[in-house]
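Accompanying notes for the structure given below.
Side-chain atoms are counted along with the backbone in the values below, which use heavy atoms only and exclude waters and symmetry mates.
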Amino acid sequence: MSKQVAGAASPSSRSAGSRKAEMGDGTGVGSTPAPVKKKLSVLIVDDSSMIRTIHTILVNRVGVEVESKVAENGKVAVDLFRSGESFDVVLMDWEMPVMNGIEATKELRNMGVDSMIVGVTSHSMDTEKDTFMAAGLDDCYGKPLSIEILKNILQKMKTDD
């Protein structure tokens, strides 16, 4: 798995298509029609209401049809998945009360969650980012995300539907 750092704009090395169930036309006859594009679902996990607001605004401005939801800490994010909700992309902060991003990412991966999880952190040292990546992230960037990086993340997910 390649590690992304702040300012890097290349897409994740994990194929978003590997996170999607294959879709058929349900008839078993003839060719399969192109799948209908759905909205991408994004979970924004950060204890800062300002960062949650900034990322929500950016997610809604990137030109990809999305639905977003926010969580103020990792436990809320884990509980959302446990309750049956799912998201295509999770933007995960590192330092949060109750359950931090490393713990939440590990828990989500242990639960079998295969969503793209992108770390968003104020930690800038490579060793710190390596620690966060090792928890099971697909990418890691500095916060707040730029619209260019967010576009790359969401467009990659959209094209792999």
Side-chain angles (χ1 to χ4, degrees), residues 1 3-4 11-28 32-121 129 131-141 143-145 147 149-161:
M1 179 184 302
K3 294 182 167 76
Q4 297 296 321
S12 167
S13 63
R14 282 182 68 185
S15 167
S18 70
R19 294 178 210 59
K20 305 286 181 199
E22 290 191 16
M23 297 172 53
D25 66 359
T27 65
T32 302
V36 175
K37 293 288 185 187
K38 67 175 185 77
K39 287 184 179 181
L40 288 176
S41 57
V42 179
L43 177 61
I44 300 165
V45 187
D46 202 296
D47 60 320
S48 166
S49 62
M50 181 177 70
I51 294 295
R52 288 192 310 263
T53 300
I54 290 168
H55 286 162
T56 298
I57 290 168
L58 290 176
V59 161
N60 290 313
R61 288 189 179 171
V62 296
V64 174
E65 200 171 351
V66 296
E67 294 175 2
S68 63
K69 193 167 204 169
V70 296
E72 63 271 11
N73 62 59
K75 182 175 183 335
V76 173
V78 169
D79 288 346
L80 285 169
F81 278 93
R82 279 198 177 118
S83 72
E85 292 202 50
S86 64
F87 302 90
D88 298 303
V89 179
V90 178
L91 303 178
M92 181 74 73
D93 183 24
W94 178 339
E95 288 188 24
M96 297 176 287
V98 183
M99 180 183 280
N100 69 35
I102 291 175
E103 294 165 337
T105 300
K106 286 179 180 178
E107 182 65 23
L108 291 171
R109 293 303 188 210
N110 287 338
M111 291 167 49
V113 171
D114 205 18
S115 303
M116 175 183 276
I117 304 177
V118 178
V120 185
T121 181
K129 289 187 179 183
T131 299
F132 202 4
M133 288 293 297
L137 296 179
D138 294 289
D139 282 317
C140 188
Y141 298 98
K143 74 158 96 166
L145 289 174
I147 197 155
I149 289 173
L150 198 50
K151 276 183 184 178
N152 286 339
I153 293 167
L154 297 179
Q155 288 289 356
K156 171 74 173 137
M157 290 299 299
K158 194 69 174 173
T159 57
D160 285 350
D161 272 354

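Note that CG of Asn100 is 8.0 Å distant from CH2 of Trp94, once rounded to the nearest 0.5 Å. The CG atom of Asn73 sits 9.5 Å away from the CE atom of Met92 when rounded to the nearest 0.5 Å. Atom-to-atom distance recorded for Ser48:OG and Lys143:NZ is 6.0 Å, nearest 0.5 angstrom. Rounding to the nearest 0.5 Å gives a distance of 6.0 Å between OH of Tyr141 and CD1 of Ile149. With rounding to the nearest 0.5 Å, the separation of CG in Leu108 from OG in Ser115 is 8.0 Å. Expressed to the nearest 0.5 Å, how far CG of Asp114 lies from CG of Asp88 amounts to 11.5 Å.
Closest non-hydrogen pair, Val59 versus Ser68, comes out as CG1-CB, 4.3 Å. Contact detail for Ala71 and Ala77: the closest heavy-atom pair is CB-N, 4.0 Å. For the residue pair Cys140 and Phe132, the shortest heavy atom distance occurs at SG-CD2, 3.9 Å. In this structure, Pro144 and Ile51 approach most closely via the heavy-atom pair CB-CD1, 4.1 Å.
Every residue meeting the salt bridge (charged side-chain N to carboxylate O under 4.0 Å, His left out) condition with Glu107, not counting sequence neighbours, appears here in chain and number order: Arg82. With sequence neighbours left out, Glu85 forms a side-chain hydrogen bond (donor to acceptor under 3.5 Å, both in side chains) with Lys69. Scored by the side chain to side chain contact (heavy atoms under 4.5 Å, CB included) test, Asp47 finds Asp93, Met96, Pro97 as partners (sequence neighbours excluded). In terms of the salt bridge (charged side-chain N to carboxylate O under 4.0 Å, His left out) criterion, Glu103 has no residue partners (sequence neighbours excluded). Under the side chain to side chain contact (heavy atoms under 4.5 Å, CB included) criterion, Ile57 pairs with Thr53, Arg61, not counting sequence neighbours. Residues satisfying the salt bridge (charged side-chain N to carboxylate O under 4.0 Å, His left out) test with Lys106, not counting sequence neighbours, are none.
Remark: the backbone N or O of Leu145 is paired with a side-chain donor or acceptor of His55 at under 3.5 angstrom. Not a single donor-acceptor pair under 3.5 Å links the side chain of Ser41 to the backbone N or O of Glu67. Within the 3.5 Å criterion, the main-chain N or O of Thr56 finds no donor-acceptor partner in the side chain of Arg52.
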**OP:** Dump the intermediate steps for side chain to side chain contact (heavy atoms under 4.5 Å, CB included) on Asp138 and Ile153, then the final yes or no.
**Re:** CA-CA 10 Å; Asp138 294 289; Ile153 293 167; over 6 Å; no
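Val90 has its side chain out of reach of Val118: every pair of non-hydrogen atoms, C-beta onward, lies at least 4.5 Å apart.
Applying side-chain contact (heavy atoms from CB on, under 4.5 Å) to Ile117 and the options Thr105, Val89, Leu43 leaves one that passes, Thr105.
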